[in-house]
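Take a look at the structure below.
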Amino acid sequence: MPTLSRHIVEVAIPLPLQGSFHYLVPQHLWPLVVPGKRVLVPFGKRKVTGYLLGSSDNHQNELKEVIEILDEAPLFNADELEFYCWIANYYLHPLGEVIKMALPAGINLVSKTRLETDEDGVPVVTEFLAGGKHVRTEKFYRLRFDGEEKVRGKGREILDHLRSEGECSASQLRERFGSCSEVLNRLVKIAAVTVEEREVYRDPFHHESFGKDAPLPLNAEQEKAFGALHAALETGKFAPFLLHGVTGSGKTEVYLQTIAATLAEGKTALVLVPEIALTPQLVGRFKRRFDCGIAVLHSGLSDGERYDEWRRIRRGEASIVIGARSALFAPLERVGVIVVDEEHEASYKQSEGVRYNARDLALVRGKLAGAVVILGSATPLITTLYAAREGRLGYLRLANRVRELPMPETTLLDARGQKGATFLEPLVEAMRANLEGGGQTLLFLNRRGFATYLVCQDCGHVLRCPNCEVTLTYHRSRGRHVCHYCDFTLPAPTLCPKCQGPEITLLGRGTERVEEEVKELFPEASVARMDRDTTRGKGGHARVLKGVEDGSIDILIGTQMIAKGHDFPGVTLVGVVSADASLNLPDFRSAERTFQLVTQVIGRAGRGDRAGRVLVQTLAPEHYALTAAVAHDYDAFYEQEIVYRRDVGYPPFTHLVALTISSTSHTQAEKASEDAAELLRRIKRDCQLRVEVLGPVTAPLGKVRGRFRWQILLKGKERMELHRILFHFRAVYTHPSTVRLVADVDPVEML
DNA sequence: GATATAAAACCT
DNA sequence: GGTTTTATATCA
């Protein structure tokens, strides 16, 4: 036993603050100190929940005391803490916030104040503790003694019910007998029933039951991929793979069998999907295949449900976890395999709060855990494919569809010289023929709203967002102009806001306008639109998707969201209204994104028994992203994109880090970003790094939620050089506390 | 992020 | 002179 005169602990605080904090532990709490538990500590004038990192040897100054230790058992272990620290370092984010983000939301206590009035009506500020999701418990009743003849009425019915059914929960009884707590209390009092209070889980799937199915036979390609994965699994070492399989090539079956092999080894599996709300059928497939516990984590769950799923995982009651990006932090032990499905999806990137990319961190977690990591995609990132070619990832190819489905007939339509018509003749004809033939049509346009900008014919003034400098998109349904960056809105003006001229024109097309034009062209057709505006709220997707599935919708117009996740067997025609919207984005990945999008859209056509047709309208019909996509030729696209990336000096030939510096004060943000840029240049010179420091530049979005943001772009040929500059920078850069700094890092292939 | 204090801007 | 808004500093 150590004979300490005092016990000091190191605590991470979930606030945007650099460094950790130290507290004294009162003697009666000494035995309860375990790293990974939460503690309630005084912080300034408030009390906050912090995370115990460990004990610390003597620390000279006066310290405050820990108020309370909040957990009986630690919430994270040493391995998990190592992972959190890695993330905090890599993304330059405070450790406390990383831990908070990794743990289920809503469990922390925070002190708040409330204005009340005392007996004399004088207002007083009272402090109270809020938050702290708790374990849900429920009372379970069981028949104890049935000889009570005195019991009649509802009490009698309940006793009879308990005799036939055995144990029942309070909610089950309430469902059957209405409110009966008084009756139950009396039954307990006369000892006719026993009551026991137990923890229960809020299970999002408790109503559904799942049948069972058996593994499918693998074809030669799948067998080869599975063989490689199985062999890697048995070594028990970190092994990353790219599973490059065209739509319908049976990637999921490879995942399932690899996971089965993992479970057989006594290990667990983590499956990440871009947006689980869109893929309920995937969950069903897992539930039918496996008998073990399966936990599902996604944004649709309430905090309580999520906490319950988290606890199930922590207790080892689930061996498979399926979820969106945040599921990467599931407290699974003995992880044997991590699957990142559709690894190219941008939704793996979290761009608010703690910035991270779950696709990248899957590799990191896999490395720390010694697991097999499978990045699966029909259209992998250029960086992933390049890493595979360089031998840093195992490359598994599934080039053929499982059932020999023909690829849809795909045509590029040259829209040049067509005076901005929404639909070219061949597309209109194809839509008409498809409608008459009873087929469904998908129309794809990567732009929501009605018109993309408003311009004055007299003075040329264009309506822009006062915060972001981007043009405001007109949304007819709301009668307002909306900024798609920051959601700033403005009622639609009737006169030019600058010169008061009456000649204002709406230009550029969004899905809202396409929908209107389709309705005019085909008044007899049933037309629906699916984008972020029409699918707000819970179940918004499901409603539209159901309409397509049951055939009640003839023509569906939508943004990229219609290209993902769901299979539409009845769709025989797909029209891309304009491939240029995504091709011309000011982003070095625009060609890659367009190729992926068009390839995905093509995959939506003719998956049933009928052959499908795809028409792509564009002003750039010879662009390699489009010609390769319509020819289903990944290699052609890949070769040209690699050449382009090499010429312009972007990933995978360089690595990028965007440092965002923000503050509520414009002057501070500006000054801090200048200081930071200057410091970075000095480090670069002193350490002789071949890193480009670009900036400070105003971010395209000037002010976001009250904060002014500036950016510094770091570009380097060697990943390690970027790490060195960041490391030095963190060590010496002291910024005012109102300034925040985060790093946005491009896909990791350091492994 | 919340809070306290200081400085600047605004009010009549 | 008084009140509101904005900037800055601190938290163990």
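Just so we're on the same page: letters track the sequence lines, and every chain starts at 1.
- With sequence neighbours excluded, no residue satisfies salt bridge (charged side-chain N to carboxylate O under 4.0 Å, His left out) with A/Glu678.
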What are the atom names and distances for every N/O pair under 3.5 Å that joins the protein to nucleotides 3-8 of chain C?
{"unit_1": "C/dT8", "atom_1": "OP2", "unit_2": "A/Ser665", "atom_2": "OG", "d": "2.8"}
{"unit_1": "C/dT8", "atom_1": "OP2", "unit_2": "A/Gln668", "atom_2": "NE2", "d": "3.1"}
{"unit_1": "C/dT8", "atom_1": "O5'", "unit_2": "A/Gln668", "atom_2": "NE2", "d": "3.3"}

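- Remark: C1' of C/dA9 and CG of A/Leu15 are 15 Å apart, rounded to the nearest angstrom.
- Here A/Leu17 lies in heavy-atom contact (under 4.0 Å) with a base.
- Between the P atom of C/dC11 and the CD1 atom of A/Ile13 lies a distance of 13 Å, rounded to the nearest Å.
- Looking at heavy-atom distances under 4.0 Å, A/Tyr23 makes contact with sugar-phosphate atoms alone, never a base.
- Ring geometry for A/Tyr84 versus A/Phe329: interplanar angle of 30 to 60°, hence tilted.
- Put simply, CG on A/Leu741 is 15 Å from P on B/dG1, counting in whole angstrom units.
- In this entry the distance linking CZ of A/Phe43 with C1' of B/dT3 reads 11 Å, nearest Å.
- With respect to A/Lys349 and A/Asp360, no salt bridge is recorded, no charged nitrogen being found less than 4.0 Å from a carboxylate O.
- At distances below 3.5 Å, not a single donor-acceptor pair connects side-chain atoms of A/Trp86 with backbone N or O atoms of A/Val364.
- When the side-chain nitrogen and oxygen atoms of A/Lys64 are compared with OP1 and OP2 of C/dA12, one or more of them lie within a distance under 4.0 Å.
- In this structure, A/His22 atom NE2 and C/dC11 atom P are separated by 15 Å, rounded to whole Å.
- Ion pairing between A/Lys671 and A/Asp675 holds under the 4.0 Å rule for side-chain N and carboxylate O.
- Residue A/Arg448 is tested with A/Asp531, A/Thr559, A/Thr534, A/Asp533 for a side chain to side chain donor-acceptor pair (under 3.5 Å); the sole match is A/Asp533.
- When rounded to the nearest whole Å, the span between NZ of A/Lys45 and C1' of B/dG1 equals 17 Å.
- In this structure, the NE2 atom of A/His7 is 19 Å from the P atom of C/dA12, given to the nearest Å.
- With sequence neighbours excluded, the residues satisfying salt bridge (charged side-chain N to carboxylate O under 4.0 Å, His left out) with A/Glu333 are A/Arg314.
- Residue A/Ile99 contributes atom CD1, which lies 18 Å from atom P of B/dG1 at whole-angstrom precision.
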